[in-house]
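Take a look at the structure set out below.
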Protein chains: 2
Amino acid sequence: MQIGEAARRAGLTVKTVRYYANIGMVTPRQDAVTGYRDYGEGDVAKLQFVGKARKFDFSVEECRELLGLYEDRNRPSREVKAMTLKKIDEIDARLAELQSLKDELTGLASACDGDHRPDCPILNALSGK
Amino acid sequence: MQIGEAARRAGLTVKTVRYYANIGMVTPRQDAVTGYRDYGEGDVAKLQFVGKARKFDFSVEECRELLGLYEDRNRPSREVKAMTLKKIDEIDARLAELQSLKDELTGLASACDGDHRPDCPILNALSGK
DNA sequence: CTTTACCTTCCCCTCGGGGGAAGCCTTACA
DNA sequence: TGTAAGGCTTCCCCCGAGGGGAAGGTAAAG
């Protein structure tokens, strides 16, 4: 099938699918005459796989790695689990960071009247006064 | 003072300070003979201000806006508070997103044995089987 | 025969700078 | 006096993960 159909079935944009072909992640057959990319069922499955992994916040390089594991029928599940736990740790770190950021901003906002007067604890905090 | 000293005092890199000069955010005087940028105390204060605002996850454009409000002695605190509340909302949205992502990944990881065997619920989930 | 809807490659854009080259300025030291 | 070191300058390319659009080829339908 052509790239548009493959993209639609994988829930990705044509640009994204073409990008994955360019970086060698999902490489379809290419018609020698027209130059059109020709996607098979297996390619679409890979595209869907990568699309889901991306939604799970795996980077493109991590997706490439996961795809390698996915295609290796004998790989131990250990490696996949390790990558997933690492990703969870990263998310945890980011959650903590955002939470403390939110706490600080919330504290500043509650101290600011937010009216017509120019005095503003938020700006004072930013300017270090 | 020269850019290196200004950067050190603001806790930023020279590259970053030069970038802020290039985009017109903090524009020091520039020596006509040597071409060296010449930072005053007010410039350093602005750099520190922007540095802190960046740590609070404000974008460079938002920092530019905050800096404008900071320099306007008569601006109402309303605007600053509104920006802060908006930023808090954005952080909340990102927190919720990351939390649900973490929940999904945690569920998958706990279902995966993570041993030498090839069966892996994580990959199965990604491949939609 | 022409329109329409695909597809291709190619290049520039995002955001917030980082890395490094080539070249100028000033100071310190042999 | 030379030179080495450490500042500074501009200029250009790089990152991730594609998006936008131009210019041009192709296929199917009217």
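Per chain, numbering begins at 1; letters A, B, ... match sequence-line order.
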Using every non-hydrogen atom in the two residues, find where [X] and [Y] come nearest and quote the distance to one decimal.
X	Y	answer
Asp38(B)	Met1(B)	OD1-N, 3.0 Å
Leu69(B)	Glu79(B)	CD2-OE1, 3.3 Å
Leu47(B)	Ala10(B)	CB-CB, 3.6 Å

Kindly state which residues belonging to residues 43-50 of chain B come within less than 4.0 angstrom of DNA chain D, counting heavy atoms of the residue only, listed by number. none
For Lys86(B), the side-chain contact (heavy atoms from CB on, under 4.5 Å) test, sequence neighbours excluded, returns Glu62(B), Glu90(B)
Who passes side-chain contact (heavy atoms from CB on, under 4.5 Å) against Leu95(A), sequence neighbours left out? Ile91(A), Asp92(A), Leu95(B), Leu98(B), Gln99(B), Lys102(B)
With rounding to the nearest 0.5 angstrom, report the CG to SG distance, Asp57(B) to Cys63(B). 10.0 Å
Please determine whether residues Leu101(B) and Val50(A) belong to a single hydrophobic cluster, defined as Ile, Leu, Val, Met, Phe, Trp and Tyr linked transitively by side-chain heavy-atom distances below 4.5 Å.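 Result: yes, single cluster for both.
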Is the distance from OP1 or OP2 of [N] to the nearest side-chain N or O of [X] less than 4.0 Å?
X	N	answer
Gln2(A)	dC7(C)	yes
Gln30(A)	dT9(C)	yes
Arg37(A)	dT9(C)	yes

Salt-bridge contact Asp119(B)-Arg117(B) (side-chain N to carboxylate O under 4.0 Å): no
Is Lys55(A) paired with Glu97(B) through a side-chain N to carboxylate O contact shorter than 4.0 Å? no
Does the [X] side chain pair with the main chain of [Y], one donor and one acceptor, at a distance under 3.5 Å?
X	Y	value
Ser127(B)	Phe49(A)	no
Arg37(A)	Pro28(A)	no
Gln48(B)	Gly11(B)	no

Between [atom2] of [N] and [atom1] of [X], the distance in whole Å:
X	N	atom1	atom2	value
Tyr39(A)	dT8(C)	OH	C1'	12 Å
Phe58(B)	dC15(C)	CZ	P	18 Å
Asp38(A)	dC7(C)	CG	P	12 Å

N/O contacts under 3.5 Å, protein versus nucleotides 17-19 of chain C?
from, atom 1, to, atom 2, distance (Å)
dG17(C), OP2, Tyr20(B), OH, 2.7
dG17(C), OP2, Arg54(B), NE, 3.0
dG18(C), OP2, Thr13(B), OG1, 2.9
dG18(C), OP2, Thr16(B), OG1, 3.3
dG19(C), N7, Lys15(B), NZ, 3.0
dG19(C), O6, Lys15(B), NZ, 2.7

So Glu61(B), base contact, sugar-phosphate only, or nothing? Heavy-atom distance under 4.0 Å. nothing
Side-chain touch Glu65(B)/Glu61(B), heavy atoms, less than 4.5 angstrom: no
DNA chain D: 5'-proximal contact among Thr34(A) and Ile3(B) (nearest heavy atom): Ile3(B)
Please report the end-to-end axis angle for the helix from dC1(C)-dG30(D) to dA30(C)-dT1(D), five pairs per end, rounded to 10 degrees.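 About 40° separates the two local helix axes.
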Under a 4.0 Å heavy-atom criterion, DNA chain D is touched by chain A from dA17(D) to dA27(D)
